[in-house]
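Proteins get letters first, then strands, A, B, ... in listed order; numbering begins at 1 in each. Only heavy atoms go into these numbers, but all of them, side chains included; no hydrogens, no water, no symmetry mates.
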Amino acid sequence: MTQSFANLLINWYNNHQRDLPWRNTSAPYKIWLSEIILQQTRVNQGLPYYNKFINEYPSVHDLANAPEDEVMRLWQGLGYYSRARNLHECAKSIVNQYDGEFPSTYNELLKLKGVGKYTAAAIASFAFNQAVPVVDGNVFRVLARYFCVTDDIAQPKTFTKFFNIAKELIPEEQAASFNQAIMELGATICTPKKPACENCPLAQDCEARIHHKQSELPVKKKKIKIKHRYLYYLIWQEGGKLAMKKRGESDIWQGLFDFELIESDKALSTEDIIYKIDTLYKDIEIVEISEPVKHILSHQRLEAVFVELKSTTENILNDNSLKYYTKQQIEELPKPRLIENYLTSKNI
DNA sequence: AAAACGTGGAC
DNA sequence: TGTCCAAGTTT
């Protein structure tokens with residue numbers, strides 16, 4: 001008799017799962033932390049960050065009591081920085097509004113900052129064994145291939161379709177194992193390219209494998225468009241201190257520190273830069289203009305030029321958001337990658 | 001509903 | 001070199 005989808009999957013998982021620090025614990029704090037870190041992030045990239053956070057903040061209370069800049073600094077380099085801000089806010093809310101205990105149901109978890117449908121299902125199942133299916137990139141892929149589902153996974157309404165398919169499959173009494181297993185299969189066997197079907201416990205009845213459609217599934221129609229941005233950073237130094245400001249909302253690197261800048265959608269010549277600075281600021285002397293530094297992001301091509309300036313009068317900076325920091329203080333600040341690279345190479 | 005949000009690895 | 005995309009969420 002043929003074994004069920006869930007049984008084959010869970011049996012495979014029990015024999016082939018990777019040993020990861022957030023597994024074999026039912027502590028909601030650790031599971032929540034790992035899930036936030038792993039959003040759109042590979043295990044190898046997130047692992048050191050998970051260890052740093054657990055080390056620095058062993059409990060949700062420790063995290064809640066930490067200064068925000070310190071949390072941002074620990075997150076530095078991981079990307080998607082709103083996750084770090086939401087993580088901190090969520091920790092404070094757990095302590096202040098939930099008496100330090102994470103809620104135990106999908107619907108309650110959904111109310112937390114930074115916790116969406118996937119993460120709520122993950123915590124509900126891993127920590128509390130509630131039978132709610134996780135639907136992430138792995139689940140889309142495994143189910144789309146196994147059942148040959150051709151709906152566009154970039155469309156929000158497609159989520160419901162996959163959620164319902166998974167809901168039919170998930171065993172009430174083994175929710176955690178099922179969810180872990182299907183994601184593990186997607187991450188290690190049913191990969192986007194060159195899936196290892198020869199090692200797949202579900203290969204027998206996989207529609208995509210039978211019809212050689214693995215490379216066509218899942219269907220994802222969203223196309224990426226690259227944006228070019230040219231950043232001209234203005235570097236003010238005063239008596240061993242450097243002017244930096246915290247980046248605002250609705251853009252990359254929210255909550256991180258960088259320099260005052262002039263932005264353009266096309267490359268500016270040296271003459272253009274000098275002219276702009278002369279009209280925008282008074283009593284400024286340009287000391288040096290660096291070569292362009294390229295910074296590749298997935299949806300953006302950034303090119304930065306660092307313009308070192310000297311003010312010829314006092315108090316040239318009347319922007320209150322701009323503050324002077326010593327070299328030591330700058331090391332304590334969370335900085336965008338580009339700035340970090342610049343500071344390291346210049347050794348200011 | 002579509003777009004924005006990062007970084008690093010793979011091909 | 002360009003493209004995809006990974007344990008998604010928010011607006």
Side-chain atoms of residues 97-107 of chain A: list all donor-acceptor pairs with protein atoms under 3.5 Å, sequence neighbours left out, distances to 0.1 Å.
residue: Thr105(A); atom: OG1; partner: Glu108(A); partner atom: N; Å: 3.4

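The aromatic rings of Phe53(A) and Trp75(A) sit perpendicular to each other, their planes meeting at more than 60°, with 30° as the lower class boundary. His16(A) and Trp12(A) have parallel rings, their planes meeting at less than 30° on a 0 to 90° scale where 60° marks the start of perpendicular.
Counting non-hydrogen atoms under 4.0 angstrom, Asp251(A) reaches the backbone sugars and phosphates but no base.
Rounded to whole Å, the separation between the P atoms of dC4(C) and dA3(B) comes to 15 Å. Here the separation of dC11(B) from dA7(C), taken at their P atoms, is 15 Å to the nearest Å.
Side-chain contact annotation: Asn341(A) with Thr344(A), donor-acceptor N/O pair under 3.5 Å absent. A side-chain donor from one of Asn138(A) and Arg141(A) sits under 3.5 Å from a side-chain acceptor of the other. Side chains of Gln76(A) and Tyr81(A): a donor-acceptor N/O pair is absent below 3.5 angstrom, by distance only. In the model, Gln254(A) has a side-chain atom that pairs as donor or acceptor with a side-chain atom of Arg85(A) under 3.5 Å.
With a cutoff of under 4.0 Å to any heavy atom of chain A, the contacted region of DNA chain B is bounded 5' to 3' by dA1(B) to dG8(B).
Although no hydrogens or angles enter the test, the distance criterion places no donor-acceptor pair under 3.5 Å between the side chain of Thr25(A) and the main chain of Trp22(A).
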TODO: At under 4.0 Å between heavy atoms, which parts of nucleotides 1-11 of chain C does protein reach? Answer with one letter per nucleotide, 5' to 3': B base, S sugar-phosphate only, - none.
DONE: --BSBBBBSS-

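With DNA chain B read from its 5' end, the first of the two nearest nucleotides for Lys194(A) and Gln254(A) is the one closest to Gln254(A).
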